[in-house]
Each structure stands twice: as C-alpha cells, then as structure tokens.
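Right, one structure below, let's go through it.
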Number of protein chains: 2
Amino acid sequence: MATRKSEHLRGAIREALEQEILTGERQPGERLDEQALASRFGVSRTPVREALHQLVATSLVELRPNRGAFVRQVSLRELVEMFEVMAELEAMAGRLAARRAEPAPLARLEAALKACESAAQSGDADAYYAENSLFHEAIYDACGNAFLASEAKRLHQRLKAYRRLQLRVPKRIGQSLAEHRLIVSAIAAGEEKAAERELRKHITIQGERFADFVSSVQRRDAAE
Amino acid sequence: MATRKSEHLRGAIREALEQEILTGERQPGERLDEQALASRFGVSRTPVREALHQLVATSLVELRPNRGAFVRQVSLRELVEMFEVMAELEAMAGRLAARRAEPAPLARLEAALKACESAAQSGDADAYYAENSLFHEAIYDACGNAFLASEAKRLHQRLKAYRRLQLRVPKRIGQSLAEHRLIVSAIAAGEEKAAERELRKHITIQGERFADFVSSVQRRDAAE
DNA sequence: CATCACGAAATTGTATACAAGGGCTTTGAC
DNA sequence: GTCAAAGCCCTTGTATACAATTTCGTGATG
C-alpha cells in the first residue's frame, strides 16, 4: 500500500518504535527517553509521548508514573498463556469459517495456501513466514465475525516476533504446510469440528515449540 | 477503594468519560470537544487529549483525523459478534478452571455465587448486576491463565453497559442464577466439557436476549 | 564507617502558544 | 436560481515553556 503523505507524526513514530521492539532491537526493560526520541526523530516531545501511550495500549511498553516508559518484559509464562488464547481464537475462527464456508473467502484462503506452498518450495523461511501470516489472516476473514477477526489479528501481531523464531526449526515448515492443507480441506468441507481441532493443534504446536526454544536459550533468566 | 490523591489527571478524566459513555449519558456519534472538556474539568487540553487517546485504544471513542473524537457507534451486528467472542473466552476460562480446580480460586468462586444468591433474593437488580460481574471475574481468575483473564475482563468491561440492559427482563435473574449454579458445580467437579458448555450457553443466551431487546428498541435505526 | 537528611539536577506531567488542515459560508459567475 | 470556488473560522496537531515529583549525589551526624 502507498504511504499516506499526510500520516501524522505520532503514527510514524509508533510504527518505528513498534518495529524496533518487535525485532528485539530494543531490549526488554530498556528505558525509552522522551527527549532522546524527540531529537532523534526531529520532533518535539508531544508526538513522542502520544506514540508511547499508544504502545502502552498494545502492551508493548510499560509506563511507570513519573518514571518514564520502558520496553515491557514479557515472561515465558505469559507467552505460553498468549499462545493458549491464540489457539482458542484461531480454533473458533476455523470453526465459524467451516460453518459459513462462503465461496469468496474460501477462494482467498486457498490462494493463500498456494502462496504458502510456493514459499515453502523456494525454501525461503522469511517468505514462508510472511505467507503464513497472510494465510492465518485469511482464516480470520473467512470466519464472518469481524470483531473476532480484528482481535485475532491483534494477538497475531503481538506474537509475530516470537512466532518468527521457531520457524528456524528444521522441517517445521514442511510440517506447518501439511497442517495448513488439513485445515483448508476441513474448512472447505464444512467440517467444523475437524477445522477447530486441526487449528488448535497447529497453534498449540507452535506455542510448545516456541516455549522449548525460548527455555533452551534463556535458561539463564532468573525466575521472576 | 480510596481515591489515590496522586492520580494523574488523564486517569481521572478517562474514567469520567468512560463512565459517561458506558452509561449512555453520551450518545453514540456525539462529538467530544477537547476545549469544552478541558474547561469543564478545569484543566488544559493536554490531559484531555491523552485521556481521549486512551479511550480510542479501548474502542470506546473513534478518532477521525483532523476532525476530532466521537463516541463510537457500535452496530448491533458488532455487538452480537462481541458476545460470540465473549462466549468463547468464558467457555475457555471455565474449561481451564475445571481442569485446574485449585482450592483457593474455587472458594472465591463459591463465595461469589453466594453473593449472587443474596443479591437475587433481595430483588435488587443493580446489586445482582454488580455481583454477577464479580462472579464472572472469579471464573477468569480461576482459569490459571492471567492473560486470558485480563482479555476476558477487558471484553467484559466493554460489554458492561449493554449487559446491564437485559437484566431488566423479568425472571432473567432467577434463570441466570440457576445457570451460575450449574457452572460452579461443573467447575468444582472438574468436568471440563460441562463447564465449557454451560458457560457458552450462559453467555450466548445473554447475547441473544440482548440482541432481541436492542432490535426491538432501535427498530428505527437505519441500516448502515 | 554507615545511615539519614537535605538539596540539586533531571525527567515527567501540565499549561500555553503557534501552525496547519478541513469545513462552512458567502459570493460570484453561468 | 443554482453550482462552484475561494476565503474565513474553528478545530486538531505540534512546539515550547513551566511546574511538580522523583532520584541521585553530597554532606553531616550518630
């Protein structure tokens, strides 16, 4: 999409900070100095403050009163909990999509699956990662519940950075793709229970793989 | 709870506006003038703006660029969708609570049920409404997933104003209470499926009753 | 030598001042 | 008489200035 020329400053700043936090460029617990950010972006403190407040709303940033803004520390436990909720929302979306099974969203879903297959064949993990996101969004959009779709996208977005890590696991892409195929055929066939079950499994596996990965890396972390 | 003396202005303003919107004192679509609010609260525009932005994050207020803030118009369709998601989250919380079934949260849940019974006997709809909220929060807290609990509370809060309406329906309180009893016994017995099923039904009924009520009242509304 | 208190510096929170953008009204032309 | 365009006014968006609170440093005292 084209970059809107009249986009407000706080929007641009929010996106920039969001990116930095999600990519891990900004370490959890790091303090975000308003003045420093202002001079870095070449603006005053006002839009920076507004951007930080928006990030607080998305739980990426924590705001201690009269202390400043800090990159929020997300514990392993909380991440596992988030994946658990994500699995439930995805399963619900899949069930509803199977129940409705309207032609147009279904066609988009199958197109997204094909795109995943292409990306998988090319062996490009980043490409598969991108197509994977679009595939899941296609499921949300097919569920016929716009509110559920927006909530699912919100949570998906929050888990984005973490989800990316576990695609590095060998053979995970092929396995993920096989699961995608099962999901699509269940939805297309209108099999609610199968769609729900397969999607729940799909996300739960991601969560477990991720938890294993993180706990093996961050073993040094103190138990909070 | 005691009012914290050092509470920031934007917090107080946010709560005040939130209250006014949820109680319907502020009509949907109504414009919220920054300057007017500032002079009304005896502060400058800055904290008012920050409060409005926070309300945007909770979807209570819509912000049209360079146009100002408006009380968000929630369509009947969107409300039905929100109740559908609420039902799923509550069902999930109930299932997890039944699975874990730890003594302390269970005791709090049973206490909340007793409080509902007392309020129902007194015939005070508002009191039952308040205890009902606490009962549902007790379920969230018993699920052992803090993230799910916070998300459920957030959505519960957003549906608060609408939920309140349909308690006016005669005999609904007694029926609600009976459903609560079924839910608690299922959770206490560790029957995951029963807890999930009863909670889903409980919320779905609320949603349907509410939809009936609204559509009978707002029949004049133009289809958007 | 440690601990507590006072003070100064720095940072957030709020107020005010300025700029920019959009809507509404009025006026002119067809 | 109607439609369109331009200008004024009001509003939001941003910058700067001020106030209040917190933290860290320094010194004095037990």
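So that the names make sense, note that chain A is the first sequence line, chain B the second, and so on, each numbered from 1.
Taking atom NE2 of B/H53 as the reference point, atom C1' of D/dT14 lies 11 Å away to the nearest angstrom. Distance B/R49 CZ to C/dT14 C1': 14 Å, rounded to the nearest Å. Atom C1' of nucleotide C/dG22 and atom CZ of B/F70 are separated by 12 Å, given to the nearest angstrom. Across the protein-nucleic acid pair, B/L63 atom CG and D/dT11 atom C1' stand 12 Å apart, rounded to whole Å. The separation between A/L52 atom CG and C/dG13 atom C1' is 14 Å, rounded to whole Å. Atom pair A/E50:CD and D/dA15:P shows a separation of 10 Å (rounding to whole Å applied).
Donor-acceptor pairing under 3.5 Å is lacking for the side chains of B/H202 and B/E90. Side-chain N/O atoms of B/Y128 and B/S176 include a donor and acceptor closer than 3.5 Å.
Using a 30° and 60° split on the angle between ring planes, B/H180 and B/F135 fall in the parallel class, below 30°. Ring geometry, A/Y140 versus A/H156: the interplanar angle exceeds 60°, so the pair is classed perpendicular (tilted spans 30 to 60°).
If B/L32 and A/P47 are placed on DNA chain D by their nearest nucleotide, the residue sitting closer to the 5' end is B/L32.
Side-chain N/O atoms of B/R64 and base N/O atoms of C/dG22 include no donor-acceptor pair closer than 3.5 Å.
OP1 or OP2 of D/dA15 lies within a sub-4.0 Å distance of a side-chain N or O belonging to A/S44. The phosphate of C/dT16 has neither OP1 nor OP2 within less than 4.0 Å of any side-chain N or O from B/R45.
Considering only residues two or more places apart in sequence or on other chains, B/R45 meets the side chain to side chain donor-acceptor pair (under 3.5 Å) condition with B/E34.
Looking only at side-chain heavy atoms (C-beta outward), A/V85 and B/M92 come within less than 4.5 Å of each other.
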With the criterion being N/O to N/O and under 3.5 Å, what pairs connect the protein with nucleotides 7-11 of chain C, and how long is each?
{"from": "C/dT11", "atom 1": "O3'", "to": "A/R31", "atom 2": "NH2", "distance (Å)": "3.3"}

